[in-house]
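Below is one structure, written out as structure tokens; comments come after it.
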Amino acid sequence: MTSANSAQTEGPSPYPSAASLEFQHVGKRYPGAVRAAIEDLSFEVPAGEICVLVGPSGCGKTTAMRLVNRMIDLTAGDILLDGVSVTRRKPAELRREIGYVIQQIGLFPHQTIAQNIATVPKLLGWDKQRTTARVQELLTLVSLDAEMGERYPGELSGGQRQRVGVARALAADPPLMLMDEPFGAIDPINRARLQDELLRLQAEIRKTIVFVTHDIDEAIKMGDRIAIMREGGHLAQYATPDVLLADPADEFVARFVGADRGLKRLTLSAIKDIQLLDGLTARVGEPAAEARERAARHGSDELVLIDGGEQPIGRLPVARLDGKPVAVEDAEPLAATARRQTSLHDALSLVVADGNRPLVVVDDDGRLAGLVDLKLISDALQTRR
Amino acid sequence: MTSANSAQTEGPSPYPSAASLEFQHVGKRYPGAVRAAIEDLSFEVPAGEICVLVGPSGCGKTTAMRLVNRMIDLTAGDILLDGVSVTRRKPAELRREIGYVIQQIGLFPHQTIAQNIATVPKLLGWDKQRTTARVQELLTLVSLDAEMGERYPGELSGGQRQRVGVARALAADPPLMLMDEPFGAIDPINRARLQDELLRLQAEIRKTIVFVTHDIDEAIKMGDRIAIMREGGHLAQYATPDVLLADPADEFVARFVGADRGLKRLTLSAIKDIQLLDGLTARVGEPAAEARERAARHGSDELVLIDGGEQPIGRLPVARLDGKPVAVEDAEPLAATARRQTSLHDALSLVVADGNRPLVVVDDDGRLAGLVDLKLISDALQTRR
Amino acid sequence: MASGPVIPDFGRGSSCVRDNGLFCWGWVKQNWSDTLQPALLQHILLTAVAVVIGTAIAFTLALAAHRRGWIATPVVLVTGLLYTIPSLALFQLLVPLTGLTRTTAEIALVSYTLLILFRNMLAGLSGVPGEVKDAARGMGMTERQLLWKVELPLALPAVVAGLRIATVTVISLATVAVFVVDEGLGAPIYSALQQTFKTEMIAAGALCVALALLADFLLVLLQRALSPWMRVARA
Amino acid sequence: GGSSSDTNTTTGASADTSTSAGSDTTATPVGQIRLGAPPEFRNRPTGLPGLRAKYGITDVQFSPLTIGLQYQALDDGKIDVADVFTTDGQLQSGKYVVLTDPRNVFGFQNLTPVVSTRVLDAEGPQFETTINDVSSKLTTEAMQRMNAAVVLDKQQPADVARAFLDANGLLRAGTAGAGKPEITLGTKNFPEQFILGQLYAQALEAQGYRVTLKQNIGSTEIADRALRAGQIDMYPEYIGIFNSTVAGDTRTFATKKEAYDAGKAFAERHGFTLLDLTPFTDTDALAVTRAYAAQHGLRSVGDLASASGQ
Amino acid sequence: MNDFIDAFKFIGDNASLLWHLTLDHLALAGAAMGISLLIAIPLGVWLGHLHRGSFAAINISNIGRALPSLALISIGVALLGIGFVNVMVALIVLAVPPMLTNAYVAIDGVDRDAVEAARGMGMRGSEVLWRVELPLALPLIFAGIRTAVVYVIATATLGSVAGANTLGNVIVDQATYRLPGVIGAAICVAALALVFELLFAGLQRLVTPRGLRSRRRAPAEVGPAVVGTAAAESM
Ligand SMILES: Nc1ncnc2c1ncn2[C@@H]1O[C@H](COP(=O)(O)OP(=O)(O)OP(=O)(O)O)[C@@H](O)[C@H]1O
Ligand SMILES: Nc1ncnc2c1ncn2[C@@H]1O[C@H](COP(=O)(O)OP(=O)(O)OP(=O)(O)O)[C@@H](O)[C@H]1O
Ligand SMILES: [Mg+2]
Ligand SMILES: [Mg+2]
């Protein structure tokens, strides 16, 4: 089944260029360092995907990333960008084709936001109006109003600066983006907002993105693939979040993703991704017998009572069905309802909180869409290996 | 039922003093500010409990806290410490009796760790050896080796500094501790470690602690009681984490605690807090009939196969029970087992990941303790209102 | 005139001295005790007095400015003005007021220390991180305790750094004091200049430089000794 | 007049050499005259204006120099002609020729000890005699030699003074000063003054007077103020400067005597006394290098004027 | 006090003399500054760009200050003879250190993140220097220049004792110009220095990028840089 942030890999992208990235037995030993920061690292990132490097502090994430745009040079192996070795390129030129966002953002305080964003286009010698057009485009892309363009970094909030940093990295429409803990310094609330923003953005621009973090939840949320690294740049596991949570390669990964990986996995998919139970409904005024018979057929001891407009009214325990036709007062109020885009994680939460009774799912227009029960949810986990 | 961090309020404490704290219609308007930072805030913290103030940025958490030790003075209402108004005390003296940990820690860079910790004792004029003794005691308390005492803050890691900050605040054994986002600046991994440490510590020292954060998960983990605040220092809800998650007072609180509050609630209790299923076992070599009959009695379609030492071997589907006595090869291996201290949250995760089949719980010696199934878990949520 | 003067042989200087060689050790040895050494000592005294007084004044001002922010600006303006006035001019401008006295020299020298010392002291004090002060207050330090136990110790490196600059500056400027008082190393330098006597120029000049460098070095040691934590912070 | 004889002696020394020089080389014309002197030489009557007026020297490239640097400048060839003082020790080196000044542009600068009359009376007649005895021995030659000893040979002024007084029998011990009030003797801020201070002080002390010597008190004005303020009782001053700077009387005097009388008169009116003039005069004078003099056949300022075709 | 009145009278009467000396004064200072700029700024910027030789670059300014101007000039006389060149050389020796140090500290201190980002976006070394480091460092570099200008103008005064023509001619020749002359000249020098101080203060504000103006730079920070920056901004 497809994952919640699968949007990233669907539909036509307005931007043509996304490059594949391949690490081939990459090694890096810093001059004078006793042991290599990265010993032998190999993995491949398909074009247009987000690959998250995650791991404990000092495991080599930043190093691996900086090897790509040759901020530092590798001491073994090779890195291919769209099949071409980066070592064949002039560093400066290479970097102009790779968006780079560092944790501290590093905006130029002496330049306006617009000038900051225009940096690479200027370096590439774009003409004036093309550049300005692009800057406007990017400001809207990261949802900053054009007016902001004239401001100086000193006049922006932390979150806004982060967005500018991203916009600046995107300026020349690079096929590859490197983001080193871009949201590391931001409080949890704004952090979540920026994460969602980046995902929305990526759904549009569809870049190849290498994203460094040491927060596993962020990794799961952001990554199409996750590379879990450990001391010395060893690749503990490289897989989709789903596989990673489903079967961790070893003890280290298991501990790293956490004991509740089962539940974490549920955050990856939404109700819309699974087949809902239906038919378990009763209409106001219909004969009790029919309803009871329908419930029995589904082996359920309750139905969802809906009105003429298909709007769910409440739960209807079969026990309540005496001879009379089904009436509104027979129903118990609903503790909660879910929508199709609710994540299975939240759905499970609602089910469990409601004593494991099936959860009522409604469409955006409020009409009954179907039911979710524990079995469906856990089945989802089973089928997704 | 008792909560996972209830340890904080049990057993004899080596430290006598913990003070109760009471906000009485407290108001604070900063000079020149149009609207009050805090309008009318009232709540009470029983001695020896951790009260967490949580809320969006700018809602007045820090303000409320700084009113207590009179870093700023209140403009309305009163604050009672053990029934005595703080306004009756000289600020300097008052502060010496209240431990204060600020987000940036604020260690004195020009003093050694030992000197830093000894600050308040010195201010109180303790004699030399009493002070040094106390410093040693505190270093061990926050699990830093004595050798660290001679170092300067510049030589410590972020986490270590945080601990020193806490130790320094504890130095004069204050009945009340104020902690303003003490772990705000630390990465998730170390953050969790420091949280656990503080809880362990509190179990020993049993202080009254006011703890500020804007991370709801931290609040739930740390707090005996949580005060959820909103703009203008309004108290949206003041309750135990459990109640907070069980029934949020309003939309704001509900959104703040998150859609998955049901699952969050499960983090508050552990398997040991609930009654396990037992009797669902089969011994190697016993007659199939007996086993089948036992399963039927419990209305279950499988048993847990155990060996002579009561160690669980695997699941035994009733279907597998043909005429022959129960044999090891009839069993399916166990996907996972839990221990008594495993939180219900993680337990649920394991159950769901294993297709809703009951989870095998073992004692520390590895002997079967019983089973947990979905019903038990969700029942736990029902009973805990 | 019958009784014309008898002109004795006054004795001649070494050949090096006579034809004004670049540097004549002999002369230096000869005149060390009665020319150079006294001048050196006077120079040290001139400097020490100026720096001590300057420090006292600057310190008071800095503390005041630290309490009441608005004081800083006027102080910087005035001391900055004094600082800008060329030494030679300032000395002369003071003559009508305080005459050709040591006081004149000291007043001028002190006025040159003020800007540097004040600015560094204030920078040191206001450079103390807010959270550190917050923590100190939060632990129940009185304002006075905060100043003496936290702010001043933390300001020390900046203060001593200022002291270094001030001292070296004064040592240098004290030579110009010769235009008002015949004291310090300026005296031999100036008289040598008037007689274009190279040895004395170089000897006295070198002494002055050496003195400045030595003072600077000693103050660096002081700085190190006073701020052990800086080393580890840098390390 | 002693002063004129003094000038002769100096230039006499140079005259014979320049005659010999003049005999074998024909004087080559001087172009524009590069003259170095203290800045004010440009405008003061005893400077360029005087030279212009009395010798018609106009085409001068003037480079201002602080006192003491002229000889260096001559040696460095930065200038051809330097404004010097007739008693400068450097002239003893024989490297330079002082041009005679027949038309008397530079006036008279014989030295006279300025004493507060009050003190003079208090100290008694012997005091004045002692000082005048010393002054009478101070010829240009003597002063040049002593200056040379101090400026060139770096002898201590005190030693030089002692040697001179001793050689001229001015240290013979006396008791005239016994019990007389102590006097403070000030000197201005250049070597010649240091020597003079030592000369008078030691001579007086030999006679039993108690003397404090305040050397290097500064310029004429400072000295003058100090005297009026009673900070010093006496200091050696040059008659020309006394007239111009202290008395503010800028006339040019025909003779040394006129100048002296003018000064004395002023002094009387202001409560101090000018003691006898010294034989030597420490006037400005134009000096050139021996080589330059020979090349252009220069002896007097007049020669310079004609040689520069003016 | 009426000395001052006489002083202003003197200024009035000798306007042309003072004017010419002022021009000479500025010519001397200008020449020295020109050459110093060519030496100090490129060197400082280059070292700062490479983050090399911090110790030397930072301490040279203190050593420079340790050189007493008078001594330096007199030694200059001994070595180079009298006149314009000698004094100019002395002034250069005095002017280079503060500018060098400031240039170094300024460039070296440019926010590493900005530089990192610049490299990351594919700027070459030179582009990083011109587009990022220099603009950000300009205010501090300029502070150094301003410092040096005032210092040179002040010290040029002493040039007159070594045969260079400056306003100092009057100050050191009391014998001729009398006290009012000396004070008058002193007033002129002071005024001259102040004018340039203000002039360059203005220029410095002009060259400060707008984005930086809001955040005012602390005059000195605790740590080794203090000597550098404080040095730079003093004198
Ligand atoms: N410039 C350097 N010179 C020498 N060693 C370095 C350098 N940069 C990093 N290292 C070492 O290389 C290893 C990997 O560093 P790196 O910064 O890549 O880790 P990281 O995963 O980014 O850590 P973090 O999560 O804290 O950013 C570490 O042991 C680090 O000490
Ligand atoms: N010193 C002050 N002067 C004026 N207003 C202030 C001051 N400190 C805080 N405020 C205002 O009071 C309100 C509450 O501030 P406070 O710092 O208590 O919020 P907070 O809950 O601690 O926010 P955060 O979570 O960001 O720390 C805010 O609107 C803030 O702007
Ligand atoms: Mg990193
Ligand atoms: Mg706060």
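Every chain is numbered from 1, with letters handed out A, B, ... down the list of sequences.
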Item to complete: Answer yes or no: are there more than 12 heavy-atom neighbours, outside C:Trp148 itself, under 6.0 Å from its atom CH2?
Response: no

Rounding to 0.5 Å, atoms CD (B:Gln115) and CH2 (C:Trp229) come to a distance of 10.5 Å

Rounded to the nearest 0.5 angstrom, the CG-CD distance for C:Asp134 and B:Gln103 is 11.5 Å

Whatever's closer than 4.5 Å to a heavy atom in chain C on B:Ile105 counts as backbone

For residues 64-79 of chain B against chain C, heavy atoms under 4.5 Å, the residues are B:Arg66, B:Asn69, B:Met71

Of all heavy-atom pairs linking C:Ala135 and B:Gly106, the shortest is CB-O, 3.4 Å

Here the gap from B:Phe108 atom CZ to C:Lys133 atom NZ, rounded to the nearest 0.5 Å, amounts to 12.0 Å

Note to self: Any side-chain to backbone donor/acceptor pair from B:His110 onto C:Lys149? Under 3.5 Å, distance only.
What the structure shows: yes

Show the atom names and distances, to 0.1 Å, of all donor-acceptor pairs under 3.5 Å that link a side chain in residues 55-62 of chain B to residues at least two apart or in another chain.
unit_1, atom_1, unit_2, atom_2, d
B:Lys61, NZ, B:Gly55, O, 2.9
B:Lys61, NZ, B:Pro56, O, 3.1
B:Thr62, OG1, B:Asp180, OD2, 2.9

Ordered numerically, the heavy-atom neighbours of chain C under 4.5 Å found in residues 85-102 of chain B are B:Ala92, B:Arg95, B:Arg96, B:Ile98, B:Tyr100, B:Ile102

Inset, instruction - Take atom CZ of C:Phe217 as the centre, draw a 6.0 Å sphere, and report whether it contains more than 12 heavy atoms from other residues, nucleotides or ligands. - result: no

Distance-only donor-acceptor hits, side chain of residues 35-45 of chain C, under 3.5 Å, sequence neighbours excluded:
unit_1, atom_1, unit_2, atom_2, d
C:Gln42, OE1, C:Gly184, N, 2.9
C:His43, ND1, C:Leu185, N, 3.0
C:His43, NE2, C:Ile171, O, 2.8

